[in-house]
Amino acid sequence: MTDHGTGADTPAARARKQAAAQGRAQGLETGWTVFSYLLAGMAAYGGIGWLIGRAVHVPLLFPVGMLVGLGISIGYIIHRFGRQQAMTRPRKGDNR
Amino acid sequence: MTGVLASGGCHIFSGCGFPAPGLQDFNWKPFFTIGSFAFTKPMLLAILAALVVIVFFWAAFRTPKLVPRGMQNLGEIAILAVRDQILRPSLGRRGDSYLPFLVSLFFFIYIMNVMELIPLLQFPVPSRIGFVWPLVFIVYFLYLYLGFKHQGIWGYFRSMIPAGVPWPIYIILVPVELLRFFVFQPFTLGVRLFGNMFAGHLLLTIFTIASWYLLSLSVGLLYAAGSFALAIFVFVLETLVTLLQAFIFTTLTATYIASSVEPAH
């Protein structure tokens, strides 16, 4: 199988296109992973709160659990993806 | 002036209420039934979509030539588009063995989606969620299998939480990670495709029916023109959405496979 249109592309242009495609794929994955974390945090701790609330007859523990889960998710997202971004971001004065 | 263009039709000012589209537009009378099994239009369209993909690629590569011509040319462009825009950015060159799977997945979903815009067919198969879940399960079991194969069961679960996290945090994160991985990741993958196609079809139906309903020799003609313009706009939008949804589903599949084959960084 041949690569169509590679004759017209310079190596720099191909590298740029490749980087753009990589960024797109990574962005999609990060976006949907973050969304899944937010839902999972609320569902996990909301569920735990609901179970404990049922046992001790305090229904308020369900929304409290959801908020705690949301907080945990946001903290983890910042820890995981914030660090990832900081690692990929060029340092000050680095013009490469 | 309250003249009605088509006296037999249901139009504004004719005393007929707007026949609003709804869930009933997604339920089809079966073509035939065998016991409790009913064969409906979406099933026929799904089979048709699979046949289109199979016949197209079979015709393109039945007798491959070194210098591609005709169908082979088109087939190669299609495969290279998936390879360069979806597979390579996520999996790199080492992932080329997954190309047949991703090409089949992408074009099967795309053809099912695009049926929404083809006259007479005019129904997106993924707007029935029952057609989406099998695709999600195939993808999900594939990346689970690959993860266990490449990292081992314990290693795979361990890789979900980044290294260097203090152990009390592990306990806090385990329920979140397990739910994300086993429930919400596959859930969002399927529901996004379903939701977009469902909403798109509903919008198209609303504006098409409204254009017909508002048609009359009165000020309603203006409303009908506006509704028709919106129907055209949604149609154009849907040509993009059908492609985009197939692209997103396949790209996320490729990134999930990548995270299974290689531990998270």
Beyond-backbone contact of B/Arg180 with A/Thr33, side-chain heavy atoms, under 4.5 angstrom: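 Sidechains of A/Thr33 and B/Arg180: in contact.
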Interatomic spacing from [atom1] in [X] to [atom2] in [Y] - rounded to 0.5 Å:
| X | Y | atom1 | atom2 | result |
| --- | --- | --- | --- | --- |
| B/Gln85 | A/Gln18 | CD | CD | 10.0 Å |
| A/Tyr76 | B/Ile169 | OH | CD1 | 10.5 Å |
| B/Gln185 | A/Tyr37 | CD | OH | 8.5 Å |
| B/Thr251 | A/Gln26 | OG1 | CD | 13.0 Å |
| B/Phe187 | A/Ser36 | CZ | OG | 10.0 Å |

Members of residues 240-250 of chain B whose heavy atoms come closer than 4.5 Å to chain A: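 B/Phe247, B/Ile248, listed by number.
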Structural part of B/Leu252 lying under 4.5 Å from a heavy atom of chain A: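 It is the side chain, since no backbone atom gets that close.
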message: For B/Phe182, I'd like to know if atom CZ has over 12 heavy atoms of other residues, nucleotides or ligands within 6.0 Å.
response: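 More than 12 within 6.0 Å, yes.
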message: How about CZ on B/Phe57, more than 12 heavy atoms from neighbouring residues, nucleotides or ligands closer than 6.0 Å, or not?
response: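 For B/Phe57, atom CZ is crowded (more than 12 foreign heavy atoms under 6.0 Å).
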message: So which atom in B/Leu179 and which in A/Ala40 form the shortest heavy-atom distance, rounded to 0.1 Å?
response: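 Closest approach of B/Leu179 to A/Ala40, heavy atoms only: CD1-O, 3.7 Å.
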task: Using modelled atom types only, decide if a donor and an acceptor are shared between the side chain of A/Tyr45 and the backbone of B/Val176 within a distance under 3.5 Å.
output: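 No: the side chain of A/Tyr45 does not pair with the backbone of B/Val176.
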